[in-house]
Amino acid sequence: MIRERIQPDIRAKSNYLASFRFINIDFGKKPPQIKSWKTHADPEKKQIMLDLDISYNADIKVDAGFTEKTPIAGIKSIKLEGILRVILAPLMEDSPIFGALTVYFPHRPVLELQWTGFAHLLNIPGLQTLSEKELVNQIGQIIVAPQHFSHPLAARFDLAKLQFLEPWNALRIRVIEAKNLVAKEILTKSSNPYVVICGGGTTAKTRVIHKNLNPKWNETFEILYSDLPDQEIEFNLMSDKGVKINQQLGSCRIRIKEVPERGFIDKWIDLENVKSGQLHIKVTRLRLLSDPTQLEEVKSLFLYAGCRGNTLECFVGASNFFLVFQVLKVNEQSRPKRDNEIASAVLYTYIEKGRGLPVLQMKKDNLKALAVVQVGVEDNVKKFGSRINNGEAEWKKRFQFLIRNPLNEELKLKVHNEHNKPIGSITVRLSRLLAASEMTLQDWLPLESTEQNSEIRVKLQLRVSGIHSIVLISSVLEYFQL
């Protein structure tokens, strides 16, 4: 799993890490200890959860480098303590009773690593300013929800049926201000604070405010999260030291379930592991809509206006366009001048497979993928590859993009071979999805600029933020004079 899932993610971080590899992976024969456990049943979701309080303290051998035989750094021992959650789902009538097993850490565990050659890691571009603690924290993010490992128990069970596979939920996080922070600069008796937000597999950070112990950011971020239970949003306050290693000013966290289903929390939170400091945040739960008329209150508004049967359906396509227009208008009016651009929608992409591609054969010890896909919206670009390309390459990759304006943005997909030579490209205007049923497109799309008939099978789903749904649909009714 480390080579298949973690190694590709590390390589994708930077061009300098393109040939990074794990050379030796040996966790020894000492098993983790289970100190206690709890069982939770959820009949509605047809699942059983086991919370295992584990402790793992052992000598291991994990070596990494850039060539097959020359490690530059490694880990010689590990200490890991925390709650490991096991989900058995979905419940089935036949043996083996459950469709799949899913394992993850709902909260960040205690993680301590003993390194070999740590100084060599810091010579890699992009890692020079990291402290050992920060590097361990980044490794910890890999094993904390929403990151998880799922394995089918039943024969031919499709893991795509698991309800927590896609992050169908969204939070809007406003980092407002902090107060009474500790001073890390001795001469100025101040700090240069900024906030790093981690949650939903996403990391974002505010701007740095120099020489201030009571900074005001008023910056907004949006994260997507899945239905894995008990996920958290973590806020780490740091003091910027320029080219030197940044210093910690404390941290705090909230559980996503603290945010009301149709509301928000607005609170000051005490910072942990420091003498003083508080952070002021506002977190709002967003509803992502595939069809405005799916909401009961929206249906009531249409029916109140006199729409019945097919008459109601005929307004769905037009209302989708107008809904987006109104979301954009509300977002622009509510956004502070120096704030980030607020997303009005989310694009879910599933790049499944290709057909009719030029056939390429993998060479021995070849680290490069044979069929590379680059997919993106605006400046947000994802890149991934397939190790097999016999003309029928498979990727089965899922990505999500926060969309500011689906009326004029587009998805661009490009396919290259191992030598970075273009095979073809696809462009899909997101406005096309607004007119589609449930704002979803699933089809084989032809690659442009190809010498042969090559196609990529994709599934695109657009979901519009429904935070102001009643107000927006009222505007739709007014617009159509209903």
Side-chain angles (χ1 to χ4, degrees), residues 160-161 163 165-170 222 224 286-296 298-299 301-302 307 309-331 343-355 373 375-378 380 382 395-415 424-448 454-469 472-473 475-477 479-480 482:
K161 294 181 180 180
Q163 61 184 359
L165 187 65
E166 286 272 24
W168 293 114
N169 313 286
E222 285 136 336
L224 305 173
L286 306 181
R287 286 183 288 174
L288 301 177
L289 311 180
S290 62
D291 180 350
T293 61
Q294 287 179 346
L295 297 175
E296 290 301 320
V298 173
K299 289 183 179 180
L301 284 170
F302 273 107
C307 297
N310 293 333
T311 308
L312 185 148
E313 295 176 6
C314 73
F315 288 104
V316 172
S319 65
N320 283 347
F321 280 94
F322 196 73
L323 176 68
V324 173
F325 175 78
Q326 290 295 321
V327 170
L328 291 171
K329 184 177 179 181
V330 171
N331 283 350
S344 64
V346 180
L347 176 66
Y348 294 87
T349 65
Y350 179 52
I351 314 300
E352 185 179 356
K353 56 185 177 180
R355 66 184 179 190
V373 171
V375 59
V377 178
E378 298 288 327
N380 188 358
K382 314 289 186 182
W395 297 281
K396 293 186 177 181
K397 290 288 187 177
R398 301 175 186 272
F399 295 104
Q400 302 80 40
F401 299 92
L402 291 168
I403 306 299
R404 191 189 70 82
N405 187 349
L407 297 178
N408 58 24
E409 293 183 39
E410 56 189 20
L411 175 80
K412 294 183 178 181
L413 185 151
K414 299 179 181 179
V415 183
S425 63
I426 297 171
T427 300
V428 180
R429 293 191 63 84
L430 300 189
S431 57
R432 175 180 174 182
L433 298 177
L434 293 173
S437 175
E438 296 186 344
M439 292 194 278
T440 298
L441 170 66
Q442 184 173 10
D443 204 354
W444 287 95
L445 301 181
L447 285 172
E448 301 172 0
S454 302
E455 296 178 303
I456 304 294
R457 183 167 178 80
V458 303
K459 183 176 182 180
L460 307 177
Q461 297 171 282
L462 192 66
R463 296 295 180 263
V464 178
S465 170
I467 186 173
H468 307 295
S469 58
L472 299 181
I473 298 302
S475 299
V476 172
L477 297 175
Y479 178 80
F480 289 108
L482 296 177

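Just so you know, residue 1 is the first one in the sequence shown, and it goes up from there.
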**OP:** Quick one: pull up NZ in K353 and CD in E455 and give me the separation to the nearest 0.5 Å.
**Re:** 11.5 Å
Original post:
Looking at CD of Q400 and CG of L288, how far apart are the two atoms once the value is rounded to the nearest 0.5 Å?
Top reply: 11.0 Å
Original post:
Any side-chain heavy atom of L462 sitting closer than 4.5 Å to one from P406?
Top reply: yes
Original post:
Does some side-chain heavy atom of R398 sit less than 4.5 Å from a side-chain heavy atom of T349?
Top reply: no
Original post:
Is it true that a side-chain atom of N405 and a backbone atom of L407 form a donor plus acceptor pair closer than 3.5 Å?
Top reply: yes
Subject >> Set of residues satisfying side-chain contact (heavy atoms from CB on, under 4.5 Å) with respect to K382, sequence neighbours excluded >> reply: V375, N380, F399, F401
**OP:** Check K397, R457, K396 against E352 for a salt bridge (charged side-chain N to carboxylate O under 4.0 Å, His left out) and give me the one that passes.
**Re:** R457
Subject >> Salt-bridge present (K412, E410; N to O < 4.0 Å) >> reply: yes
Subject >> Rounded distance [0.5 Å steps], CG in L433 versus CE in M439 >> reply: 8.5 Å
**OP:** Flag the pair E409 / L347 as yes when at least one side-chain heavy-atom distance between them is below 4.5 Å, and no otherwise.
**Re:** no
**OP:** Compare all side-chain heavy atoms of V377 with those of L411 and state whether any distance is below 4.5 angstrom.
**Re:** yes
Original post:
About how many Å separate OG of S344 and CG of L286, when rounded to the nearest 0.5 Å?
Top reply: 11.0 Å
Original post:
Got a second to check how far L460's CG is from Y348's OH, nearest 0.5 Å?
Top reply: 13.5 Å
Original post:
Quick one: are L224 and N169 in side-chain contact, heavy atoms under 4.5 Å?
Top reply: no
**OP:** Working to the nearest 0.5 Å, report the span between CZ of R429 and CG of L434.
**Re:** 11.0 Å
Original post:
Looking at side-chain heavy atoms only, is the closest gap between R432 and L441 below 4.5 Å?
Top reply: yes
Subject >> Non-hydrogen side-chain atoms of K414 and L447 separated by less than 4.5 Å >> reply: no
Original post:
Considering only heavy atoms from C-beta outward, does the side chain of Q442 approach that of Y350 to under 4.5 Å?
Top reply: no
